[in-house]
Amino acid sequence: MLTIIGETTIILPADFNPKRPNYWEGPSIRHIGKWYYLVYPATDITGLNYAMSLFPDKGFSHKGPIHSSSDIGLNGRKLMNAAYPMGNSHGAWCA
């Protein structure tokens, strides 16, 4: 693990609209090859999303979900009829 010493920088702005895949909370960053991966819970708290950048502190672009811990959207399920609406969606993972 490394600590970057410097000014606080917003690398992915928060947006609490659950209909868009935006940053929510609990991010983790991994450096694999030439890419930096930012993993974070989906805005609707149903799984994990990821973003990628060539830099650790800027330029992250949302790429999509990694997994879903819910069955919302599966076979047309909505929040009110989901068998399992939410699960653990923290982004800490090992590389």
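Please read all numbers here as calculations on a predicted model, not as lab measurements.
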Enquirer: Is any side-chain heavy atom of Ile66 closer than 4.5 Å to a side-chain heavy atom of Asn49?
Expert: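 Heavy-atom side-chain distance check fails, nothing below 4.5 Å.
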
Enquirer: Could you state the interatomic distance from CG (Leu38) to CG (Asp57), rounded to the nearest 0.5 Å?
Expert: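 The distance works out to 12.0 Å.
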
Enquirer: With heavy-atom distances below 4.5 Å as the criterion, would you say the side chains of Tyr37 and Ile32 are in contact?
Expert: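 Result yes, sub-4.5 Å side-chain heavy-atom pair found.
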
Enquirer: What's the spacing between Ser53 OG and Lys34 NZ if we round to 0.5 Å?
Expert: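 One finds 11.5 Å between OG of Ser53 and NZ of Lys34.
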
Enquirer: Calculate, to the nearest 0.5 Å, the distance between atoms NZ and OH belonging to Lys58 and Tyr36 respectively.
Expert: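 Those atoms lie 11.5 Å apart.
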
Enquirer: Nearest 0.5 angstrom please: Met52 CE to Arg30 CZ, how far?
Expert: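 So the gap between those two atoms works out to 15.0 Å.
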
Enquirer: Is there a side-chain contact between Phe60 and Phe55 in this structure, where contact means two heavy atoms from C-beta onward sitting under 4.5 Å apart?
Expert: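 Contact flag for Phe60/Phe55 side chains = no.
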
